[in-house]
Amino acid sequence: MYRTAIESLKAWKRSPDRKPLIIEGARQVGKTWLMREFGSISYKRTVYINFDSNARMTELFSSDLNVKRIIMGLEIYADEKIVPDDTLIIFDEVQEVPRALSSLKYFCEDAPEYHIICAGSLLGIALHNGTSFPVGKVDFLNLYPLSFREFLMATGKGKYADLIAARDYGMMTAFAQDFIDSLKEYYFVGGMPEAVRAVSENADFREVRQIQSRILAAYEQDFSKHAPADVVPKIRLIWNSIPSQLAKENKKFIYGMVREGARAKEFENAIMWLCDCGLVHKVPRVTAGRLPLKAYEDMKAFKMYMLDIGLLGCMTGLNQKTLLDGNDMFVEFKGALTEQYVLEQLIINPELNAYYYTNDSGTCEVDFIVDNGERVVPVEVKAEVNLRAKSLKAFSEKFTPKISVRTSMSPYRKEEWLLNLPLYAIENLAAEVE
């Protein structure tokens, strides 16, 4: 399985300003596999340390954080010589030993020749709970489920993935139905590595759903095991409400759908916990389409999406036949899945910040507004080939962005103010609007 994040890790290794790297991401998105794969292809040796229930590592880091002493202890523990520049040091589940995170400061300042990558399933929680490590002494990389292009590569359709990477829209149009068929499959399978491996090796969609159910069960166990006891019931309520929130025509998150009479204040900690775990993506509303979008953020209004489209389908009990063959009863939720898909492909690009827009009267709504630091790009999402874009036109006339994007099952087409970017190529958005 190939992950494009490998290229980011190679760039990190080459960087003269390299710092210890922290990989953030939800449980089971492939962080451990990525680190070990990177070590095997880019270094002569790898020293892998798992801090989960590791009494020796707890003891090693409980004393002073002298780098030479720590390196000696790691060498004894791993029975491996650590050679600067030739050895990758991996700290996995590093949040279990907070002083190991603190030690990254000293590796950065006193021993930058050592290459260290860290990850942990609940690392976001640890960082936001005040675990001590100095800002500015580490690099960060977010890892998400496989993108649609990675999914194509993993399922033996690498040439189709190459067409997306090359932005060869003429060839993509010629094979549009193949892309659409694969996209429907991706809607069902999603990008969790274990689910993708099951469909690529066995083409067994029942096994895919079993895997997704196990992953969802593991997340539910994490709620009880790691969240504060008084917050757990609220986390469950928020989590279980997401499919119905997205099924609405207006996908703004409504607390009243979580529990009758619910208010934002009582659920803030639960939402923050889910965000810190990487299990949900919160997309804020903006009130204007001008730079910087952050300045126009409405702190009270947002949409919330799952981390993975396959897990969303599994939560709703959506079966393969309904999704792949189409069904009249499925029309409304198809829009929800499509928005979920588009968001996942957008956030993979760290240069893009995603929001959505509605005017004060609610007569104009644009599904996503992205900000690349230089321009604002409105994005309207269509699940099929319906090309009406009244809200997008109204937004464009009011805020005059250089280009507006509509993404649908229709082929690539560029007009004076509007770019139609096929859903299967939405990952190219950043390159198209440069």
Side-chain angles (χ1 to χ4, degrees), residues 234-276 279-290 292-309 311-313 315-316 331-347 352-371 376-383 386 388-396 398-399 404-407 426:
K234 297 173 184 178
I235 292 173
R236 292 188 190 281
L237 286 169
I238 294 287
W239 178 250
N240 290 324
S241 81
I242 294 175
S244 57
Q245 300 276 358
L246 292 176
K248 308 191 312 289
E249 184 175 354
N250 176 357
K251 294 174 177 54
K252 175 188 172 184
F253 191 89
I254 304 295
Y255 286 97
M257 291 184 67
V258 177
R259 187 174 65 199
E260 188 175 351
R263 295 289 181 265
K265 188 173 183 180
E266 63 179 307
F267 284 98
E268 284 176 350
N269 288 343
I271 290 175
M272 184 180 298
W273 197 93
L274 287 167
C275 289
D276 287 348
L279 296 180
V280 300
H281 301 300
K282 190 176 174 185
V283 178
R285 174 189 177 235
V286 289
T287 58
R290 305 184 187 95
L293 285 176
K294 185 73 175 174
Y296 300 96
E297 183 177 333
D298 176 358
M299 302 300 289
K300 296 180 180 178
F302 58 91
K303 297 193 283 189
M304 190 181 292
Y305 298 88
M306 296 270 294
L307 81 154
D308 177 67
I309 189 171
L311 295 181
L312 176 60
M315 281 183 77
T316 62
V331 169
E332 286 299 321
F333 202 70
K334 189 180 292 183
L337 282 178
T338 306
E339 277 196 35
Q340 169 75 41
Y341 161 77
V342 170
L343 176 70
E344 286 184 52
Q345 310 312 302
L346 293 179
I347 61 174
L352 297 180
N353 300 304
Y355 302 85
Y356 79 101
Y357 169 82
T358 58
N359 61 5
D360 291 335
S361 65
T363 57
C364 176
E365 177 174 352
V366 180
D367 299 313
F368 297 110
I369 311 289
V370 295
D371 163 8
V376 168
V377 181
V379 181
E380 185 157 271
V381 178
K382 298 292 185 183
N386 182 345
R388 287 176 296 175
K390 292 181 180 178
S391 289
L392 192 60
K393 183 71 172 175
F395 179 94
S396 298
K398 183 171 184 178
F399 297 109
S404 298
V405 174
R406 177 181 56 210
T407 184
I426 191 63

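Please read all numbers here as calculations on a predicted model, not as lab measurements. Quick note: residue numbers are just sequence positions, from 1.
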First locate atom OH of Tyr356, then atom CG of Asp298, and finally report the distance between them rounded to the nearest 0.5 Å.
7.0 Å
What's the spacing between Ile242 CD1 and Leu237 CG if we round to 0.5 Å?
11.5 Å
Looking at every non-hydrogen atom in both residues, tell me the closest pair between Val377 and Val405 and how far apart they are.
CG1-CG2, 3.7 Å
Work out which heavy atom in Phe302 is nearest to a heavy atom in Pro284; give both atom names and the distance.
CB-CA, 4.0 Å
From OG1 (Thr407) to NZ (Lys382), nearest 0.5 Å:
11.5 Å
Quick one: side-chain hydrogen bond (donor to acceptor under 3.5 Å, both in side chains) partners of Ser391, sequence neighbours excluded?
none
Measure from the side-chain N and O atoms of Gln245 to the backbone N and O of Ile254, and report whether any donor-acceptor pair falls under 3.5 Å.
yes
Applying salt bridge (charged side-chain N to carboxylate O under 4.0 Å, His left out) to Arg259 and not counting sequence neighbours gives Glu266
Which residues satisfy the salt bridge (charged side-chain N to carboxylate O under 4.0 Å, His left out) test with Lys294, sequence neighbours excluded?
Glu297
Let me see the working for Ile271 and Tyr255 under side-chain contact (heavy atoms from CB on, under 4.5 Å), right down to the final yes or no.
CA-CA 11 Å; Ile271 290 175; Tyr255 286 97; 3.5 Å; yes
With sequence neighbours excluded, residues passing side-chain hydrogen bond (donor to acceptor under 3.5 Å, both in side chains) with Glu339:
Lys303, Tyr305
List for me each residue that meets ring-ring contact (aromatic ring centres under 6.0 Å, His included) alongside Phe267, sequence neighbours excluded, and say none if there are none.
none
Tell me, with the steps shown, if Glu365 and Asn250 meet side-chain contact (heavy atoms from CB on, under 4.5 Å).
CA-CA 9 Å; Glu365 177 174 352; Asn250 176 357; 4.1 Å; yes
Heavy atoms, side chains only, cut-off 4.5 Å: are Met315 and Asn240 in contact?
yes
Determine whether a donor-acceptor pair (N or O, by modelled atom type, separation under 3.5 Å) exists between the side chain of Glu344 and the backbone of Ile309.
yes
Please step through side-chain contact (heavy atoms from CB on, under 4.5 Å) for the pair Phe253 and Lys282, ending with a clear verdict.
CA-CA 9 Å; Phe253 191 89; Lys282 190 176 174 185; over 6 Å; no
Once rounded to the nearest 0.5 Å, what's the spacing between atom CD1 of Ile235 and atom CE of Met272?
11.5 Å
Looking only at heavy atoms, what is the nearest atom pair of Leu293 and Ala288, with distance?
CD2-O, 3.5 Å
For the atom pair CD1 (Ile369) and CG (Asn353), what is the distance rounded to the nearest 0.5 Å?
13.0 Å
By ring-ring contact (aromatic ring centres under 6.0 Å, His included) - contacts of Tyr296 (at least two apart)
none
Just jot down the side-chain hydrogen bond (donor to acceptor under 3.5 Å, both in side chains) partners of Ser404, sequence neighbours excluded, or say none.
Ser396
Can you list the steps and then say if Asp367 with Val342 is a side-chain contact (heavy atoms from CB on, under 4.5 Å)?
CA-CA 10 Å; Asp367 299 313; Val342 170; over 6 Å; no
Contacts of Asp360 meeting side chain to side chain contact (heavy atoms under 4.5 Å, CB included) (sequence neighbours excluded), chain-then-number -> Arg285
Looking only at heavy atoms, what is the nearest atom pair of Leu352 and Leu346, with distance?
CD1-O, 4.0 Å
Non-neighbouring partners of Arg290 that pass salt bridge (charged side-chain N to carboxylate O under 4.0 Å, His left out), sequence neighbours left out
none
Can you tell me how far the CD1 atom of Ile426 sits from the CD atom of Gln345, to the nearest 0.5 Å?
8.5 Å
Pairwise side-chain contact, Val379 with Val366, heavy-atom cut-off 4.5 Å (strictly under):
no
Minimum heavy-atom distance Met304-Leu246, with the two atoms named:
O-CD2, 3.4 Å
For a quick test of reading the model, state the closest non-hydrogen atom pair linking Ser244 to Met257 and the distance between them.
O-CE, 3.6 Å
Anything under 30° is parallel, anything over 60° is perpendicular, the rest tilted; go ahead and classify Phe395 against Phe399.
tilted
Name all residues meeting the side chain to side chain contact (heavy atoms under 4.5 Å, CB included) criterion together with Asn359; count only those two or more places apart in sequence or in a different chain, and write none if there are none.
Tyr357, Ser361, Thr363, Cys364
Set of residues satisfying side chain to side chain contact (heavy atoms under 4.5 Å, CB included) with respect to Ile347, sequence neighbours excluded:
Tyr144, His281, Leu343
